[in-house]
There are 4 protein chains.
Amino acid sequence: MKDIQNSVDTRNVAIKKVGIKDLQYPIKVLDRSSFLQPTVANINMYVDLPHNYKGTHMSRFIEILNQYHGKITVDEIGEMLEKMQDHLECETAHLEMSFPYFITKKAPVSEAEGVMDYQCHFDASLTCKKFDLISQVAVPVTMLCPCSKEISEYGAHNQRSTVTVSIRSKELIWFEELIDIVEKHASSPVYSLLKRADEKAVTENAYDNAAFAEDVVRDIAVALNKDKRISWYRVETENMESIHNHNAYAMVESEE
Amino acid sequence: MKDIQNSVDTRNVAIKKVGIKDLQYPIKVLDRSSFLQPTVANINMYVDLPHNYKGTHMSRFIEILNQYHGKITVDEIGEMLEKMQDHLECETAHLEMSFPYFITKKAPVSEAEGVMDYQCHFDASLTCKKFDLISQVAVPVTMLCPCSKEISEYGAHNQRSTVTVSIRSKELIWFEELIDIVEKHASSPVYSLLKRADEKAVTENAYDNAAFAEDVVRDIAVALNKDKRISWYRVETENMESIHNHNAYAMVESEE
Amino acid sequence: MKDIQNSVDTRNVAIKKVGIKDLQYPIKVLDRSSFLQPTVANINMYVDLPHNYKGTHMSRFIEILNQYHGKITVDEIGEMLEKMQDHLECETAHLEMSFPYFITKKAPVSEAEGVMDYQCHFDASLTCKKFDLISQVAVPVTMLCPCSKEISEYGAHNQRSTVTVSIRSKELIWFEELIDIVEKHASSPVYSLLKRADEKAVTENAYDNAAFAEDVVRDIAVALNKDKRISWYRVETENMESIHNHNAYAMVESEE
Amino acid sequence: MKDIQNSVDTRNVAIKKVGIKDLQYPIKVLDRSSFLQPTVANINMYVDLPHNYKGTHMSRFIEILNQYHGKITVDEIGEMLEKMQDHLECETAHLEMSFPYFITKKAPVSEAEGVMDYQCHFDASLTCKKFDLISQVAVPVTMLCPCSKEISEYGAHNQRSTVTVSIRSKELIWFEELIDIVEKHASSPVYSLLKRADEKAVTENAYDNAAFAEDVVRDIAVALNKDKRISWYRVETENMESIHNHNAYAMVESEE
């Protein structure tokens with residue numbers, strides 16, 4: 001059968017990314033307690049295509065993925081990108097994976113255990129021999145407004161917020177480490193299971209640690225600045241304001 | 001050209017709903033201040049199909065819709081359903097429209113005006129001569145937890161919640177009327193624009209009106225029970241808990 | 001600490017459902033090859049609340065869920081609902097779980113293996129001693145339009161469609177069984193991995209099996225009617241029409 | 001009342017973006033037939049914040065937006081950004097708006113009129129006096145696979161695809177112009193209303209114009225390269241493959 005994709009192309013337009021998008025796939029992720037955690041990823045895989053090739057071979061992306069069925073972890077990402085370069089004859093290969101990651105967390109007073117979910121993301125690429133990896137984790141937290149607290153005789157509006165930290169690093173940094181930094185600088189961590197004594201502690205803790213969207217991203221930036229393993233970061237927060245039907249947003253980024 | 005859809009079907013399976021789904025369309029909605037408000041709807045249109053017909057004619061749904069281009073309001077829904085019955089030879093015709101609806105609302109102290117959006121929905125059907133219409137509005141509000149307030153020395157967790165009211169009524173009830181009822185029974189209404197004096201008022205008001213998810217749906221049910229125009233209702237709330245990464249939900253429904 | 005939720009309520013409004021919604025949780029699902037497949041569910045848990053109780057205890061839902069951490073399968077659902085009745089003193093308990101389910105599937109000619117994802121859903125309830133379970137699976141397929149094929153000199157528009165089957169049954173029916181029925185009656189199954197010989201087979205197979213949205217739901221209904229284990233079903237399809245920016249929809253439901 | 005946001009900050013972390021996100025707002029958009037089309041936008045507004053300021057004033061974003069209530073068009077964007085610079089004392093102001101845009105389009109043979117929706121987006125910023133505007137439109141089209149056509153004896157898989165064009169330009173370019181370019185280079189445009197004669201034409205036209213994801217983005221790039229008004233572009237396509245449950249993706253970008 002004719003392989004049209006292999007024809008010569010004369011339009012002189014190089015393609016920056018071509019591949020497969022929005023594929024659901026079971027993966028395993030190594031957590032800090034050295035347990036291989038099963039989860040489900042949404043996966044994108046792209047390569048570049050020189051101007052003189054007509055098309056890429058979409059089935060090869062899936063074939064490479066299938067070779068790692070049941071054993072995809074962060075350790076395999078570099079190898080998978082190399083295989084993409086080999087089998088798809090590209091200069092740059094991209095692999096993106098988004099997945100929920102679960103951590104068992106103790107409530108602050110009762111120490112009752114609950115399972116918390118954090119949405120994580122890897123954005124990896126290999127250009128010739130140059131490997132690049134951005135790791136990202138989205139951490140749900142409580143944020144309590146310092147302005148509302150200051151001007152009101154009692155109470156203060158607070159809300160669930162999502163703080164998203166993206167990093168490039170010189171060595172492995174666990175999602176757990178980034179989550180710890182975020183939860184430490186928010187008004188309060190959130191939990192899946194809280195007994196009454198815990199709810200009291202979380203409520204008062206949030207009130208004691210009022211912080212603007214601007215504050216939480218800055219405090220996390222200061223913490224990340226001190227970590228010499230981190231070469232680049234972006235910190236964002238999106239607060240689902242309890243007094244509005246729109247969100248508050250703040251973002252800081254390190255110099256590159 | 002052959003009209004396959006008109007062939008006879010012998011499988012003896014009547015189709016309950018067939019039609020078009022997820023169509024974006026500009027519409028106008030009459031608001032209480034008698035202004036025809038332009039907005040954008042997501043539209044579904046279905047008919048039933050007797051067991052002996054092979055297929056419906058999808059283009060006729062669009063033709064009927066286009067006859068009302070630029071002038072769809074709730075008043076036209078009955079007429080549109082009749083046209084669907086006529087042109088698609090069905091017993092039951094269904095029309096569903098979801099759209100954002102905007103109301104200019106004054107902040108509680110400064111009286112500064114802001115524009116609030118409420119997601120609305122019509123679910124209409126005509127079976128032979130029997131017309132049925134469910135009107136729905138989703139109202140974002142602040143909910144403040146009575147348990148957290150009671151057990152904590154200061155503060156109380158609160159969050160944005162969405163209270164959704166669906167009704168069948170004997171005469172027209174404005175979305176504004178339903179929104180008023182919901183905002184009155186929540187811990188506080190939310191606003192798009194709040195100056196500092198307003199934020200103080202909203203914060204203290206929410207603290208003074210702590211209510212569980214269970215409370216807000218019950219209080220709204222009590223109010224709706226008193227309105228003799230309403231023949232059926234469902235009231236739901238979903239609270240985006242500021243201390244959890246999951247939501248709290250409560251629902252009441254009138255007897256039919 | 002005071003337990004406000006336990007107070008007496010005098011509003012005389014019974015709550016139909018109250019609980020937790022939109023919780024991400026790792027679960028395991030037994031597949032037909034008797035492998036316990038790890039996946040991630042979105043979970044809702046509700047109970048009813050008699051008119052004289054003020055509130056439910058949200059943390060108890062999570063406590064019950066946590067007792068099944070790492071071992072939730074369909075077999076545990078009945079037991080979980082009983083625990084909800086016990087610990088939350090309700091008449092009716094509801095448990096809903098949505099999750100992707102993966103099946104390794106061979107391409108039709110090359111027999112190359114690929115992993116396909118199917119979105120599944122359980123909607124279970126226990127009212128006093130009466131257990132009810134709806135199982136649902138959404139199957140992506142190719143649908144090719146018979147009208148387009150008939151009237152065109154060559155080609156025929158086709159598209160990805162999602163056929164969703166929901167059933168109540170007297171004994172266990174595997175998701176694999178429902179998927180087989182759907183894929184048999186669509187224009188063609190879809191696959192994650194197709195080599196060129198497979199793509200030819202799928203293309204020609206779809207062209208040979210043109211079917212309207214109405215046809216696929218009817219043919220599946222006929223097949224389900226013959227299965228005496230099934231006591232109720234609903235079959236829906238949503239075709240992402242390649243020639244429109246809206247979808248075609250059809251639904252049949254068995255008599256109850 | 002104390003203005004905490006105005007306090008001095010000593011953490012030495014400048015904030016790149018802070019503001020409001022995910023606000024629904026009614027706007028008007030000028031179309032090529034010089035009609036001011038009402039639609040609904042999802043709006044984000046951000047400013048930067050120097051390292052020595054503690055917080056921004058979120059209500060001022062809404063106040064600026066409200067000054068343009070009922071009359072926001074692309075012409076006002078520059079002025080709105082200037083007001084953001086003035087009232088929020090920032091160096092850079094950002095304004096993002098996403099909205100559906102409607103065009104009445106004639107079917108290819110019957111010339112029956114239907115209303116098509118296109119999702120549009122403005123991403124505007126003002127840094128000191130430097131104005132930047134990216135205009136984007138997402139165009140749904142039919143794409144028919146050349147490989148499937150070549151290797152199959154009859155038929156060819158095709159699907160709805162979304163081609164998204166983003167541009168920077170030296171003068172105004174209408175969304176209609178970009179849509180025309182995309183629809184010309186896809187296998188076929190899509191329509192909301194097609195009579196049988198039109199469906200035949202669209203089916204055969206798509207078959208005659210088979211194109212890979214790679215082809216459509218390249219052909220559009222070649223067309224955009226010739227337009228001297230355009231200083232930068234990105235062209236993406238996402239094909240909802242009818243034979244897979246994942247999408248095909250391709251992207252080209254001009255050199256900056």
Side-chain angles (χ1 to χ4, degrees), chain A residues 1-5 9 11-25 43-46 49 51 53-56 58 61-62 145-147 149-151 210 212-215 217-222 225 234-241 244-253, chain D residues 1-5 9 11-25 43-46 49 51 53-56 58 61-62 145-147 149-151 210 212-215 217-222 225 234-241 244-253:
Chain A
M1 273 181 259
K2 197 175 157 191
D3 184 351
I4 300 188
Q5 285 91 335
D9 203 282
R11 279 166 292 195
N12 200 29
V13 180
I15 293 195
K16 208 154 171 179
K17 288 184 181 174
V18 57
I20 60 167
K21 191 167 192 286
D22 207 9
L23 178 88
Q24 297 278 103
Y25 209 83
I43 292 182
N44 304 333
M45 296 170 85
Y46 310 127
L49 187 72
H51 68 88
Y53 284 98
K54 184 162 173 66
T56 191
M58 296 286 185
F61 292 93
I62 305 287
C145 177
C147 171
K149 175 183 172 181
E150 172 68 29
I151 63 182
F212 287 122
E214 293 93 324
D215 290 319
V217 297
R218 271 176 166 150
D219 286 341
I220 294 167
V222 168
N225 282 338
R234 179 189 296 129
V235 184
E236 297 166 281
T237 189
E238 187 165 352
N239 297 8
M240 291 179 284
E241 299 290 289
H244 297 302
N245 197 29
H246 58 263
N247 299 341
Y249 177 83
M251 189 263 280
V252 296
E253 209 175 20
Chain D
M1 273 182 257
K2 195 172 158 190
D3 184 353
I4 300 189
Q5 284 91 336
D9 203 284
R11 278 166 293 194
N12 200 28
V13 180
I15 292 194
K16 208 155 172 178
K17 288 185 181 174
V18 58
I20 61 167
K21 192 167 190 290
D22 207 8
L23 178 87
Q24 296 279 103
Y25 209 81
I43 292 182
N44 304 333
M45 298 170 84
Y46 309 127
L49 187 72
H51 69 86
Y53 285 96
K54 183 162 173 66
T56 193
M58 296 287 185
F61 293 92
I62 306 287
C145 177
C147 172
K149 175 183 171 180
E150 171 69 27
I151 62 181
F212 287 122
E214 294 92 325
D215 290 319
V217 298
R218 272 177 166 151
D219 286 340
I220 295 167
V222 168
N225 281 340
R234 180 189 294 129
V235 184
E236 297 166 280
T237 189
E238 188 164 350
N239 297 8
M240 291 179 285
E241 298 290 287
H244 296 303
N245 197 29
H246 59 263
N247 299 340
Y249 176 84
M251 188 265 278
V252 295
E253 210 176 18

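All figures in this text were calculated on a predicted structure; none of them were measured in a lab. Reminder, nothing fancy here: chain letters follow the sequence lines and each chain counts from 1.
Interface check for chain A: of the options Thr237(D), Leu23(D), Asn245(D), Ile15(D), the most heavy-atom pairs under 4.5 Å are formed by Ile15(D). Chain D forms more heavy-atom pairs under 4.5 Å with one residue of Asp9(A), Asp3(A), Ile62(A) than with any other, namely Asp9(A). Residue with the most contacts toward chain A among Lys17(D), Glu241(D), Lys21(D), Glu238(D): Lys21(D) (heavy-atom pairs, distance under 4.5 Å). Your options are Val222(A), Asn247(A), Asp219(A), Asn12(A), and the one with the most heavy-atom pairs under 4.5 Å with chain D is Asn247(A). The most heavy-atom pairs under 4.5 Å with chain D, out of Phe61(A), Tyr46(A), Tyr249(A), come from Tyr249(A). Heavy-atom pairs under 4.5 Å with chain A were tallied for His244(D), His51(D), Arg234(D), Glu214(D); the largest tally goes to Glu214(D).
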Asn239(D)/Met58(A) under side chain to side chain contact (heavy atoms under 4.5 Å, CB included): CA gap, chis, key distance, verdict: CA-CA 12 Å; Asn239(D) 297 8; Met58(A) 296 286 185; over 6 Å; no
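Partners of Phe212(D) according to the ring-ring contact (aromatic ring centres under 6.0 Å, His included) rule, which considers only residues two or more places apart in sequence or in another chain, do not exist here.
Arg218(D) approaches Val13(A) most closely through the heavy-atom pair NE-O, 2.7 Å. When every heavy atom of Val252(A) is checked against every heavy atom of Ala14(D), the shortest pair comes out as CG1-O, 3.6 Å. Taking every heavy atom of both residues into account, Lys16(A) and Glu253(D) meet most closely at NZ-OE1, 2.5 Å.
In this structure, Ile43(A) CD1 and His246(D) NE2 are separated by 11.0 Å, a value rounded to the nearest 0.5 Å.
Looking at heavy atoms from C-beta onward, Met240(A) lies out of side-chain contact with Asp22(D) at the 4.5 angstrom threshold.
For a residue to count as touching a neighbouring chain, one of its non-hydrogen atoms must lie under 4.5 Å from one of that chain's; by this rule Thr56(A) touches chain D with backbone and side chain alike. Interface residue Ala248(A): backbone and side-chain heavy atoms are both found under 4.5 Å from chain D.
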